[in-house]
Amino acid sequence: MDRFLFPPWVNKFTLMVLAGLGAGGAYAGAMLGYGTWPSVMNTGYAPDQPVPFSHKLHAGELKMDCRYCHNTVDKAAHAAVPSNNVCLNCHTGLGPDGAAVKTAVHAQSLKLLNVRMSATTGDPVEWERIHDLADYVYFNHSIHVNKGVGCVECHGRIDKMDVVYQDQALSMSWCIECHRNPTPRLRPKSEITNLAWKREGTLEQHIEAMEAEYNGGQEYKASTSCSTCHR
């Protein structure tokens, strides 16, 4: 009868297989949960921030260029969060020589208390991330900006937002849809940060102009290879 029994190592192997299946299921569930978390997928997500910064005022009414604060957006993968020095260029009460100046903008406002404290202590302002892609997704801001993708395409009309919220779903299907037909969404390099820009002429004329500006007059295509975003 012993010849019909499984060898002892089968018991351990079975447990290892079951443990592997359980761990794999837990990992898949965790990735699915993280990928569909409100801060990743849900449009309208607008967390409270430590400083009530209004893009409607700065980018809208004051017409500040996005690159003044996010100064790496066309040079690096990440759009830099502005340092305290950038804020205090306008909101400090001191000039370059340390003397008080009268042109400071709301230098003593309580809304800027966390910025002033951060500048004094060296501790960073703990901004809450709004547009948060999953860790397994690679996205490069500079590539998109330099290829004609304006801020509005992903972030919406930031210049009309007192409180910034997630405007688009940022899902994989949403990205691929744009990559398959990017040209209608492009704009001239000179209008990248002009959030109110609208194309002139017909769609065909626009496509022809964008292909001429960015691709030597040839048909413009973006990569849809998995390795483009999943590296």
Side-chain angles (χ1 to χ4, degrees), residues 37-135 139-142 144-146 149-170 187-198:
W37 199 254
S39 61
V40 178
M41 292 289 289
N42 286 5
T43 57
Y45 178 66
D48 292 332
Q49 300 290 359
V51 179
F53 181 88
S54 170
H55 280 77
K56 182 178 180 180
L57 171 62
H58 293 79
E61 296 178 25
L62 299 179
K63 307 296 182 185
M64 291 178 64
D65 191 298
C66 306
R67 292 166 292 193
Y68 180 75
C69 296
H70 304 289
N71 55 18
T72 64
V73 72
D74 57 346
K75 302 179 183 68
H78 298 284
V81 175
S83 65
N84 293 322
N85 290 338
V86 173
C87 301
L88 296 177
N89 283 341
C90 295
H91 294 294
T92 185
L94 300 176
D97 58 355
V101 295
K102 295 182 180 181
T103 56
V105 182
H106 304 301
Q108 302 304 317
S109 172
L110 291 178
K111 294 181 179 180
L112 294 166
L113 179 60
N114 282 338
V115 174
R116 294 196 296 271
M117 289 179 60
S118 178
T120 300
T121 63
D123 296 328
V125 175
E126 295 184 0
W127 297 98
E128 292 292 331
R129 183 182 291 272
I130 300 172
H131 305 86
D132 188 13
L133 296 177
D135 292 343
F139 180 85
N140 188 304
H141 273 87
S142 65
H144 290 78
V145 170
N146 291 315
V149 181
C151 311
V152 172
E153 295 301 325
C154 299
H155 298 293
R157 288 298 300 271
I158 290 285
D159 57 324
K160 293 185 176 182
M161 300 181 190
D162 267 322
V163 177
V164 174
Y165 57 85
Q166 185 170 315
D167 184 71
Q168 299 291 334
L170 308 182
R187 58 179 62 201
K189 290 181 181 179
S190 59
E191 305 294 343
I192 288 295
T193 60
N194 179 3
L195 303 177
W197 178 85
K198 293 183 179 180

Verify, without hydrogens or angle tests, whether Asp159 (side chain) and Leu195 (backbone) share a donor-acceptor contact under 3.5 angstrom.
no

Let me confirm one number: the [atom1]-[atom2] distance from [X] to [Y], rounded to the nearest 0.5 Å.
{"X": "Phe139", "Y": "Leu170", "atom1": "CZ", "atom2": "CG", "result": "8.5 Å"}
{"X": "Glu153", "Y": "Ile192", "atom1": "CD", "atom2": "CD1", "result": "9.5 Å"}
{"X": "His155", "Y": "Tyr165", "atom1": "NE2", "atom2": "OH", "result": "13.0 Å"}
{"X": "His144", "Y": "Asn146", "atom1": "NE2", "atom2": "CG", "result": "11.0 Å"}
{"X": "Lys56", "Y": "Lys160", "atom1": "NZ", "atom2": "NZ", "result": "9.5 Å"}
{"X": "Asn71", "Y": "Cys66", "atom1": "CG", "atom2": "SG", "result": "12.0 Å"}

Any idea how His91 and His58 line up, ring-wise: parallel (<30°), tilted (30 to 60°), or perpendicular (>60°)?
perpendicular

Please walk me through it: do Lys111 and Val51 pass side chain to side chain contact (heavy atoms under 4.5 Å, CB included)?
CA-CA 6 Å; Lys111 294 181 179 180; Val51 179; 5.7 Å; no

At their closest point, which heavy atom of [X] faces which heavy atom of [Y], and how far apart are they?
{"X": "Ile130", "Y": "Gln166", "value": "O-OE1, 3.4 Å"}
{"X": "Asp167", "Y": "Gly156", "value": "OD2-CA, 3.4 Å"}
{"X": "Val125", "Y": "Pro50", "value": "CG1-CG, 3.5 Å"}
{"X": "Ala76", "Y": "Asn140", "value": "O-OD1, 3.7 Å"}
{"X": "Asn194", "Y": "Glu191", "value": "ND2-OE1, 2.8 Å"}
{"X": "His55", "Y": "Val164", "value": "ND1-CG2, 3.1 Å"}

Do any side-chain atoms of residues 78-89 form donor-acceptor pairs under 3.5 angstrom with protein atoms, and if so which ones, sequence neighbours left out?
from, atom 1, to, atom 2, distance (Å)
Asn84, ND2, Ser118, OG, 2.7
Asn89, ND2, Tyr68, OH, 3.1
Asn89, ND2, Asn85, O, 3.4

Just to verify, what does Arg67 make a side-chain contact (heavy atoms from CB on, under 4.5 Å) with, not counting sequence neighbours?
Asp65, Val73, Asp74, Thr193

Sequence neighbours excluded, which residues qualify as side-chain contact (heavy atoms from CB on, under 4.5 Å) partners of Glu128?
Pro47, Gln49

